[in-house]
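Beneath this line is the structure, given in structure tokens, with notes to follow.
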Protein chains: 2
Amino acid sequence: MDRKIATIQDVARTAGVSTATVSRTLSKPSVVAPATREAVQSAIAETGYRVNATASNLRRQRTGSVIVLVPNLANPFFSQILAGLSSVLTPAQYGLLVADTQSGPDPDERLAHYLTSGQADGLILLDGTLSPEVLRTPGRPPVVMACEWMGSDLPSVTVENARGAEMAVDHLAGLGHRAIGHVTGPRGNVLTETRLEGFTRGLAARGLPLREDWVLEGDFTMDSGAAAARAFLRMADRPSALFLSSDEMAVGFMGVVQAAGLRVPQDVSVVGFDNIEMAQHLTPRLTTIRQPRTRIGESAAELLLGLIDTAALTGPSDVIEVEFIARGSAAPPPSDRNLG
Amino acid sequence: MDRKIATIQDVARTAGVSTATVSRTLSKPSVVAPATREAVQSAIAETGYRVNATASNLRRQRTGSVIVLVPNLANPFFSQILAGLSSVLTPAQYGLLVADTQSGPDPDERLAHYLTSGQADGLILLDGTLSPEVLRTPGRPPVVMACEWMGSDLPSVTVENARGAEMAVDHLAGLGHRAIGHVTGPRGNVLTETRLEGFTRGLAARGLPLREDWVLEGDFTMDSGAAAARAFLRMADRPSALFLSSDEMAVGFMGVVQAAGLRVPQDVSVVGFDNIEMAQHLTPRLTTIRQPRTRIGESAAELLLGLIDTAALTGPSDVIEVEFIARGSAAPPPSDRNLG
DNA sequence: CTGAAAGCGCTAACAT
DNA sequence: ATGTTAGCGCTTTCAG
């Protein structure tokens, strides 16, 4: 019973047909006669045959899988994107190979490796720090960026980062804040820069000043948000509200600020970016910008499948909308309440 | 320049040797003469040759990849495990295919599919709810469980869940608590049951009563922790401390309880399980049990590679130690302070 | 130390 | 509607 795994030959033999017929029964059942089709199917059932994907792929000159290059797999930020990718690739019969770019020494080299390794029919890059030149590989598979990447004309899925930042400023300004600070991601990062740009534009639109000393650099982590809070607490002249470029930083920020005896939002208003699950469980609940990460993954996978199907290296891009979510961490500034 | 991708034939031709020699140069360089070796190497460089993994795999009767079955990819719980897996599989030249079990209709069928699909040299299961019978597939690849699974003798990587729960109780009892409640995960889940068992044992060891009405059912999510908090608030006779089976639930719990005006730990002590990154950024910082998830992934990958290398279906298992982390969310009960 | 040759299991022309 | 056949690109005996 548990002999070796059956091959297409075994099925052909037991069904009394040729291997071609077995293959056809599997791929285009309509072109084989009903009688033979049934014979083949029962032979398949009898032998427990499963097609050998490797052989099939070799013959068809494809791999049946897609590689997603993640900068840092340990970062939960990416899990929802992976879920989105998986939800469209699996039904389309593609495997999802994940690779961590930054675990090795040279991320660019890793990218080059996967680009030329022929291990996948397409790549999805979540890492915006890779150098564009690597993509000049001849005969490379199609690539979709699932994040912003300056100076690249690859098909991509991006989020309205600048607009989200503007919405945050707008909300705070609408509440009466005129002294608004910002905690950025790491400088040079595309998300950082686009959100900073939106922040700046939002201030300008409301005629508010951009105070350089109120713009603190973080790196999207809770730790850096906590550090920003300590810097904030040391300021002689503090902003009444802060927009932080990630919810994680907002969590770290609020933790330190509350530990120091300040109240959010009574003493300082806080707006984050992302709408991580935790945002609605904090005290106070975090006002933030939602970016639908599952959607990012789905869209990236759809774009890539489009490229693969049409054997193209370029194609449409997609921009994912963000949504402002007002919760309890932003309120009118203290001065307004005093006046009231 | 950007002709088609070079094959081993092209390299053989430009180097003036046979394909066998090219293959040997790549796999066992020591057995080819230095002169030929160099000729082959420069031919490889010249042609930009990359071995076709599919063809190689077909010939060698392997796939070069490992499938990890994740119950829910969107759950960030798994991202660190994936990082651990990747960090050992990648250097070992194995691809990491991820598949979401619960996205489709029938998880068991998905497992059966991957077990027989021949798409991987081994499987890693993170889903403890799959039925053991599926594993009776003849000719299946080796499987490692990276979570507890009742009634299975597969090689596995498990965490000292019961012991972690005992440590939590012990800490609370040591602080003077005699009224300790528990919020479980979903009943039937192995993590839930083992932690509940540890909780019960811990109480017994300290001679404390197990009050059924102080044991609330959750499902590991923040939402369920919040729900547990509402139930807690409605209690006429409340425990002075709670051990929650996940940090997420502790976050949800503390949010609601604090919003209701109770102070943690002054009015109620809280201990979680996991040590998620956020634990140290909460106010107060969360006392919890650390389970090293990256280590779980690394260990699972190592065990699986061992099985693959020895062509075995059974092998050693690994138990990962947990660590108690005392922070600010647990303190002596109010009664003790009154007495003090 | 190197080459010739036989497939791995499958698919897709091309015949019939 | 079905069978025959020629590989996909590679590794690995087996000879030399």
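Below, each value reflects all heavy atoms present in this structure, side chains not excepted, and no hydrogens, waters or symmetry copies. Each chain gets a letter, A, B and so on, in the order its sequence line appears, and its residues count up from 1.
- DNA chain D is contacted by both Thr21(B) and Thr54(B); Thr54(B) maps to the nucleotide lying nearer its 5′ end (nearest heavy atom per residue).
- A salt bridge is defined here as a Lys NZ or Arg NE, NH1 or NH2 lying under 4.0 Å from an Asp or Glu carboxylate O, and Glu302(B) with Arg295(B) meets this definition.
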Assess whether side chain to side chain contact (heavy atoms under 4.5 Å, CB included) is satisfied between Leu96(A) and Thr90(A), documenting all intermediate values. CA-CA 8 Å; Leu96(A) 177 59; Thr90(A) 303; over 6 Å; no

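- Among the atoms of the strands shown, none is found under 4.0 Å from any heavy atom of Ser27(A).
- Taking atom CD1 on Ile8(A) and atom P on dT4(D), their separation rounds to 14 Å, with Å as the unit.
- The Ala55(A) side chain lies nearest to dC10(C) when the options are dC1(C), dC10(D), dC10(C).
- Distance from the side chain of Ala20(A) is smallest to dA13(C) among dA13(C), dG9(C), dG9(D).
- The base of dG3(C) is paired with the side chain of Arg24(B) by a donor and an acceptor separated by under 3.5 Å.
- Residue Gln61(A) has no polar side-chain atom (N or O) positioned under 4.0 Å from OP1 or OP2 of dG7(D).
- Applying the side chain to side chain donor-acceptor pair (under 3.5 Å) test to pairs two or more places apart or on separate chains, those with a residue in residues 61-79 of chain A are Asn57(A)-Arg62(A), Thr63(A)-Asp121(A).
- The side chain of Thr7(A) lies closest to dG9(C), out of dG9(C), dC8(D), dC10(D).
- Under the 3.5 Å distance criterion, with hydrogens and angles disregarded, no donor-acceptor pair is assigned to the side chains of Ser86(A) and Asp100(B).
- The NZ atom of Lys28(B) sits 17 Å away from the P atom of dC10(D) (whole-angstrom rounding).
- At least one side-chain nitrogen or oxygen of Ser18(B) sits closer than 4.0 Å to the OP1 or OP2 atom of dG3(C).
- Checked against dT2(C), dA1(D), dG9(D), the side chain of Ala33(A) finds its nearest nucleotide in dA1(D).
- Counted by atom type alone, Thr116(B) and Arg50(A) present one or more donor-acceptor pairs between their side chains at under 3.5 Å.
- Ranking dG9(C), dT5(D), dG3(C) by closeness to the Val17(B) side chain, first place goes to dG3(C).
- The side chain of Leu58(B) sits closest to dC8(C) out of dA13(C), dC8(C), dC10(C).
- Rounded to whole angstrom, the span from the CG atom of Asn57(A) across to the P atom of dG9(C) amounts to 15 Å.
- When distances are taken from the side chain of Ser23(B) to each of dG9(C), dT12(D), dA4(C), the shortest belongs to dT12(D).
- With a 4.5 Å cut-off on side-chain heavy atoms, Ile44(A) and Val40(A) count as touching.
- Counting to the nearest Å, the P atom of dC10(D) and the CD1 atom of Ile44(B) are 10 Å from each other.
- DNA chain D is contacted by both Ser30(A) and Thr19(A); Ser30(A) maps to the nucleotide lying nearer its 5′ end (nearest heavy atom per residue).
- The nearest whole Å value for the distance from the CD1 atom in Ile5(B) to the C1' atom in dG9(D) is 12 Å.
- At the phosphate of dT2(D), OP1 or OP2 sits under 4.0 Å from a side-chain N or O atom of Thr36(A).
- Between the CG atom of Leu26(A) and the P atom of dC10(C) there is a distance of 9 Å, rounded to whole Å.
- Protein atom CZ of Arg13(B) is 14 Å distant from nucleotide atom P of dG3(C), rounded to whole Å.
- Atoms CZ (Arg62(B)) and C1' (dT12(D)) sit 16 Å apart, rounded to a whole Å.
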